[in-house]
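Structure, as structure tokens:
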Protein chains: 2
Amino acid sequence: MTITIKDIANKANVSITTVSRVLNNKKGGIGDETRKRILKIIEELDYSPDSIARSMKTKKTKSIGLIIPDIRNPYFPELVRGVEEVANKCKYNVLLYNTDGNKNKELESLRLIKENKVDGIIFTSSNPGTFNENNKYFIEKDSPIIFIDREPEIESYSGLFLNNEKAGYIATKHLIDLNHKNIGCITGPKQIQNSQQRLTGYKKALNDAGVDVNEDIILNGDYQMQGGYEAAKRLIENKAVTAIFALNDLMAFGVYKAAQEFDVQIPKELSVVGFDNLSFNELLTPKLTTIDQNVSNMGKVAAKLLLKKLGSGGGMQNKSIYLDPKLIIRESTTFYKIASSSFKLRRSKNFEKTSNI
Amino acid sequence: MTITIKDIANKANVSITTVSRVLNNKKGGIGDETRKRILKIIEELDYSPDSIARSMKTKKTKSIGLIIPDIRNPYFPELVRGVEEVANKCKYNVLLYNTDGNKNKELESLRLIKENKVDGIIFTSSNPGTFNENNKYFIEKDSPIIFIDREPEIESYSGLFLNNEKAGYIATKHLIDLNHKNIGCITGPKQIQNSQQRLTGYKKALNDAGVDVNEDIILNGDYQMQGGYEAAKRLIENKAVTAIFALNDLMAFGVYKAAQEFDVQIPKELSVVGFDNLSFNELLTPKLTTIDQNVSNMGKVAAKLLLKKLGSGGGMQNKSIYLDPKLIIRESTTFYKIASSSFKLRRSKNFEKTSNI
DNA sequence: TTGTAAGCGTTATCAT
DNA sequence: ATGATAACGCTTACAA
């Protein structure tokens, strides 16, 4: 038998109201002796309130939904931890949803709100158009959703975004300052907004420095290691670049792999800049110069934003926060000297070496 | 204004009972015409039932709790996806908790069940003794918890475990078959059961092959890259081994790092076997020979087990499943020839090389 | 300081 | 085939 507030009330010879009062720490209106007695009984019976019943009245679940494309993408565990940390601190639970960027799954997850399962949602989409004005699940002005990383196509929303263009700019600028002129760029999937923004920053930095943008060394990647690897291979084979800016770390890993395969030394012969500052960077030798998004912090800020919104009872203006990126200079970038870039010759030697292992 | 079953009933000129019936697909007792009419109105009003109110009656939340140490550990995202996949297929939501192996947090999370927030829990502890007979949150015989990877100290439970000893055995056997005799072993934290089991398998394989167990080359690691790195450094410096069995992949990564630093060729001069088959293995050159746990599958099986238990209304026997490990042979292990293991000399050369980069 | 009672949105029992 | 109503465990006016 599950024990309820009624049992406590009986045992303490008070009404359930009184018990409810001490449960919710109502300030005034409770005898000190009564409170103690009730508390003691609660303790004895190891009672804890049924949060479902509580939600029924309050219309609050103390839960938030966290919707992401794929937790296996190493970007997200950090985000999740960040969100969870502040959520739990405020006694909120976190419901996790992976959508694989699938629009139906994204929409499906919004049902959570309608069904009262969560008080609010933190949403990272990889899919443009999930939220737009025509959408059946269109979210009204003060709906408790925080968008992360990708702006929805609706008129008003709250969100948390990285200043991706600036990030692309400073990463490229760093390379330019290091005397690089032929800087390859490996992008993410075309439809993903942040990839476009980073690319814009890249081009802008080039322009500002008076370096021509060479579309031939801007290659499409997929934000996966494999795409980075393949693009890097082409770039290296064509001996076209002295530096590569990969628009995320996963692809930068792919660049490392290609470089290793072709026996191209990083950073001596090829400088590499990544984007994300994943913790696996530790793994790499040399350590990767990259853009830090401080993903864990983004999670925290997003959660705080959401919780604040929830606390305000819908009376809060929608607002978006733009975070500034930070360039983390490590070991994968170095000053370009013309003489050092002659890896094409050595590559053939390497082929022999590889084949007899 | 939120729309309820009552609104539907009014609009359809029926009682809420009838509406409830069509919502729950009750077989008999509903006029075909009425059903259609109601369905249409539901559609029109875009109504969906309040799952909290539903839970109130049914005592079911259609949610499960997934409790893990840390989602940033690359082992867990796979698990989470596996769990989520089958949970969602059965219309269950997943609440995620990271405990950092903290006992209090682990206990805290169990409150979820008491508060009726979840119907069941899948629990991966890294902390012995969270569940034991004295524990206040002691879980009774048919409580809906599935333990993963670590057995609790209670008398009866359901769980899903890898046959770790066997895994340790076949990994070591593989190395022995490759003519290795001096096989170093880097373990996980002492208190973690699966590390002990893997180690037992390692020793057994050695014994069965008539190779003496050398405690000097069994080093304590921490299941983190750093620990693997440090242990490997010592092993390499002492020139004591021709192969290393790291009890998880993260530590194997550390071994790679140390090998690289000392210019020791894998596998030519040092064979390495890992454990977990993390997806980042793709990153490594050469690719890591490792034990595959099929973590994603474990997640699925665990979820199925839990759901089955929930479906059975508590009338199910507790039972545990032991999964068999699989050795994935890739490029980091090779046949040991005595001549090839002279890396100590070359190491000093490498120091010069490193220092002038 | 404490108690009574209504009500949250469902489902389920028992009528009709 | 359908409806009236109690009940789930809590919070919260409103009373006392």
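In the text below, chain A, chain B and the rest are named by the order of the sequence lines, each starting its count at 1.
Counting to the nearest Å, the P atom of D:dA1 and the CD1 atom of B:Ile30 are 9 Å from each other. The interatomic distance linking A:Ile38 (CD1) with C:dT1 (P) rounds to 13 Å, in whole Å. In this structure, CG of B:Asn24 is placed 10 Å from P of C:dT10, rounded to the nearest angstrom. A:Arg54 has its CZ atom 16 Å from the C1' atom of D:dC8, to the nearest Å. Residue B:Asn25 contributes atom CG, which lies 15 Å from atom C1' of C:dT11 at whole-angstrom precision. Distance A:Arg37 CZ to C:dT1 C1': 12 Å, rounded to the nearest Å. Whole-Å rounding puts the A:Lys117 NZ to C:dG9 P distance at 16 Å.
Residue-level contact check: A:Ser20 touches the bases, meaning some heavy atom is under 4.0 Å from a base atom. If you check every strand for non-hydrogen atoms under 4.0 Å, A:Thr4 touches sugar and phosphate atoms only. Residue B:Ile52 is classed as having no contact, given no heavy-atom separation below 4.0 Å to the nucleic acid. Contact annotation for A:Thr17: base contact, defined as any heavy-atom pair under 4.0 Å involving a base atom. Within the 4.0 angstrom heavy-atom criterion, only backbone atoms of the sugar-phosphate kind lie near B:Lys59; the bases stay farther away. B:Ser51 comes within 4.0 angstrom of nothing in the nucleic acid, heavy atoms only.
Residue B:Lys57 places a side-chain atom within donor-acceptor reach of the base of D:dA7, judged by atom type and a 3.5 Å distance cut-off alone.
Using a 4.0 Å cut-off, no side-chain N or O of A:Asn116 falls inside it from OP1 or OP2 of C:dG9. OP1 or OP2 of D:dG3 has at least one side-chain nitrogen or oxygen of B:Thr18 nearer than 4.0 Å. For C:dT10, one of the phosphate oxygens OP1 or OP2 lies less than 4.0 angstrom from a side-chain nitrogen or oxygen of B:Tyr47. At the phosphate of C:dT1, neither OP1 nor OP2 sits under 4.0 Å from any side-chain N or O atom of A:Lys26.
Nearest nucleotide to the A:Met56 side chain, out of C:dG9, D:dA13, D:dC10: C:dG9.
For the residue pair B:Gly82 and B:Lys300, the shortest heavy atom distance occurs at O-CG, 3.5 Å.
If you find the closest nucleotide of DNA chain D to A:Ile16 and to B:Ala53, the one lying nearer the 5' end belongs to B:Ala53. Mapping B:Ser48 and A:Arg35 onto DNA chain C via the closest heavy atom, the residue that lands nearer the 5' end is A:Arg35.
Considering B:Lys309, B:Lys319, B:Gln317 as possible partners of B:Ser158, the one that fulfils the side-chain hydrogen bond (donor to acceptor under 3.5 Å, both in side chains) test is B:Lys309.
Between A:Lys105 and A:Glu108 there is no salt bridge, since none of the side-chain N atoms of the basic residue sits less than 4.0 Å from a carboxylate O of the acidic one.
From A:Ile148, atom CD1 reaches atom CD1 of A:Ile122 across 5.5 Å, with rounding to the nearest 0.5 Å.
Counting non-hydrogen atoms of other residues, nucleotides and ligands closer than 6.0 Å to NZ of B:Lys59 gives a total above 12.
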